[in-house]
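Written out below as structure tokens is the structure these notes cover.
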There are 2 protein chains.
Amino acid sequence: MVENIKKYGGCPVSATLKIIGGKWKPLILYFISVDVNRFGQLQKMMPGCSKRMMTTQLRELESDELVHREVFAEVPPKVIYTLTEKGESLRPVFRELSKWGIKNILEPRMSENQQR
Amino acid sequence: MVENIKKYGGCPVSATLKIIGGKWKPLILYFISVDVNRFGQLQKMMPGCSKRMMTTQLRELESDELVHREVFAEVPPKVIYTLTEKGESLRPVFRELSKWGIKNILEPRMSENQQR
DNA sequence: AATAATGGTTACAAATTGGTAACTATATAA
DNA sequence: TTATATAGTTACCAATTTGTAACCATTATT
């Protein structure tokens, strides 16, 4: 990997994490991928994420071209978020992250609690 | 994935990112994996990472059981860091993160610069 | 004329993270 | 006796991130 760092002038893993590592980004990307695609719907699914956070995370995902934002000229406003191709291409990455997390964090956490 | 979130009480992707997402953690894990395993050596490889940061990141990796810290009773002090099995098991995760980062961030960044 | 619905924006405060530089310990070598 | 090497720790300050709550625009409905 050192060759990659030299070749490209940076660590590819850190570069990816910088883009997808926002506090709510994985969850937002996931929900959009299953067609929870409106601002208000996303908020209902993630009550811990404030309106302000939701907007900034979505704007960053948009400027990194992982999601597309489509505004309809209606009142009350209607906005729909969809994954771009670049966003879709994260699937295998998320699959690995998810597999590892279930096995090494969530499952152990569960069996801990079952002990008592 | 919503089933996983409900089943395990949390998002497995976010859980993993919380552990490996520290500013210097991917790089530290990588260098340890190729036997750059002493504190001072790691510092030389990562001049942008302050001593203080290096210690806190290493301590967190240790408490998350991704690295093992072995202290030798010598003067001057000698400490060697190695990957645990849990740390090793991140390889496929990092492979995907790296592949995606090269293709979608580093390569585009390079060809941009070549244009002029 | 007031209210609801949607998707925000803005100002301010609080919390978290990170940088800098000085300090520590101790055996060995000069 | 003083300097060197290694692996830190600590205090203090600056920067970044995040939360809270109030505000906005517009059309349709009551």
Side-chain angles (χ1 to χ4, degrees), chain A residues 10-11 13-29 31-32 35-64 66-84, chain B residues 10-11 13-29 31-32 35-64 66-84:
Chain A
C11 167
V13 175
S14 300
T16 304
L17 290 177
K18 210 170 166 192
I19 286 188
I20 64 170
K23 196 170 178 187
W24 299 96
K25 287 183 188 176
L27 231 32
I28 291 176
L29 289 171
F31 282 123
I32 293 179
D35 289 326
V36 179
N37 51 18
R38 297 192 54 179
F39 191 91
Q41 292 176 341
L42 288 167
Q43 275 205 281
K44 268 167 212 154
M45 300 304 283
M46 292 174 264
C49 178
S50 70
K51 206 178 262 199
R52 187 179 158 291
M53 259 322 249
M54 187 66 79
T55 328
T56 61
Q57 300 274 296
L58 282 169
R59 290 294 184 277
E60 287 175 19
L61 291 170
E62 196 193 349
S63 82
D64 287 328
L66 300 182
V67 312
H68 175 244
R69 177 170 180 264
E70 187 176 5
V71 184
F72 293 80
E74 298 177 8
V75 168
K78 177 176 174 185
V79 176
I80 281 189
Y81 292 95
T82 47
L83 291 192
T84 61
Chain B
C11 166
V13 174
S14 300
T16 303
L17 291 177
K18 209 170 167 192
I19 285 190
I20 64 170
K23 196 170 177 186
W24 299 96
K25 287 182 186 176
L27 231 30
I28 292 176
L29 289 171
F31 282 122
I32 293 178
D35 290 325
V36 178
N37 51 19
R38 297 192 53 180
F39 190 90
Q41 293 176 342
L42 287 168
Q43 275 205 277
K44 268 166 214 155
M45 300 305 283
M46 289 174 265
C49 178
S50 71
K51 207 178 260 198
R52 186 178 158 290
M53 256 325 245
M54 187 67 78
T55 327
T56 59
Q57 300 275 293
L58 281 168
R59 291 289 184 282
E60 287 175 19
L61 290 171
E62 197 193 349
S63 84
D64 287 328
L66 300 182
V67 312
H68 174 244
R69 178 171 178 262
E70 188 178 2
V71 183
F72 292 81
E74 297 177 13
V75 168
K78 178 175 171 185
V79 176
I80 280 189
Y81 293 94
T82 47
L83 291 192
T84 61

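A note on names: the letters A, B, ... follow the listed sequences, proteins ahead of strands, and every chain is numbered from 1. No experiment lies behind these values; they were computed from the predicted model shown.
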Just distance, no hydrogens or angles: give the donor-acceptor pairs under 3.5 Å from side chains in residues 68-83 of chain B, sequence neighbours left out.
residue, atom, partner, partner atom, Å
B:Arg69, NE, B:Tyr81, OH, 3.4

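- Considering all non-hydrogen atoms of both residues, B:Ile19 and B:Lys25 come closest at O-CD, 3.3 Å.
- Rotation axes derived from the C1' atoms of the five outermost pairs at either end of the helix from C:dA1-D:dT30 to C:dA30-D:dT1 lie 30° apart, to the nearest 10°.
- Going from atom NZ of B:Lys51 over to atom OG1 of B:Thr56 covers 14.0 Å, rounded to the nearest 0.5 Å.
- For the pair A:Gly22 and A:Pro77, nearest-nucleotide mapping onto DNA chain D gives the more 5' position to A:Gly22.
- When rounded to the nearest whole Å, the span between CG of A:Leu58 and P of C:dT6 equals 17 Å.
- Atoms CZ and CG, from B:Arg59 and B:Asp64 in turn, are 13.5 Å apart once rounded to the nearest 0.5 Å.
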Tabulated below should be each protein N or O lying under 3.5 Å from an N or O of nucleotides 16-21 of chain C; please produce it.
residue, atom, partner, partner atom, Å
C:dG18, N7, B:Arg52, NH2, 3.0
C:dG19, N7, B:Arg52, NH1, 3.3
C:dG19, O6, B:Arg52, NE, 3.0
C:dG19, O6, B:Arg52, NH2, 3.4

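- Taking CD1 of B:Ile20 as the reference point, atom CG of A:Leu17 lies at 5.0 Å (rounded to 0.5 Å).
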Cut-off 3.5 Å, no hydrogens considered: what does the side-chain donor-acceptor table look like for residues 35-49 of chain A, sequence neighbours left out?
residue, atom, partner, partner atom, Å
A:Gln41, OE1, A:Asn37, N, 3.3
A:Gln41, OE1, A:Arg38, N, 3.4

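- Applying a 4.0 Å cut-off to non-hydrogen atoms, none of the residues of residues 35-46 of chain A approaches DNA chain D.
- Summarising the geometry, atom CD belonging to B:Gln57 is positioned 9.5 Å from atom OG belonging to B:Ser50; distances are rounded to the nearest 0.5 Å.
- Residue-level contact check: A:Tyr81 touches the backbone only, with heavy atoms under 4.0 Å from sugar-phosphate atoms and none from bases.
- Rounded to the nearest 0.5 Å, atoms CE (B:Met54) and CH2 (B:Trp24) are 8.0 Å apart.
- One interatomic measurement links the two molecules: CZ of A:Arg59 to P of C:dT10, which rounds to 11 Å at whole-angstrom precision.
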Grab the N/O contacts between the protein and nucleotides 27-30 of chain D below 3.5 Å, and write none if there aren't any.
none

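- Within the model, atoms OG1 of A:Thr55 and CD of A:Glu60 stand 11.0 Å from one another, a figure rounded to the nearest 0.5 Å.
- B:Glu74 places its CD atom 13 Å from the P atom of C:dA27, with the value rounded to the nearest Å.
- The two residues B:Val13 and A:Pro26 come nearest to each other via the heavy atoms CG1-CB, 3.7 Å.
- Distance, B:Met54 CE to D:dT6 P: 15 Å, rounded to whole Å.
- Looking at heavy atoms from C-beta onward, B:Ile28 lies out of side-chain contact with B:Leu66 at the 4.5 angstrom threshold.
- In this structure, CD of B:Glu70 is placed 18 Å from P of D:dT6, rounded to the nearest angstrom.
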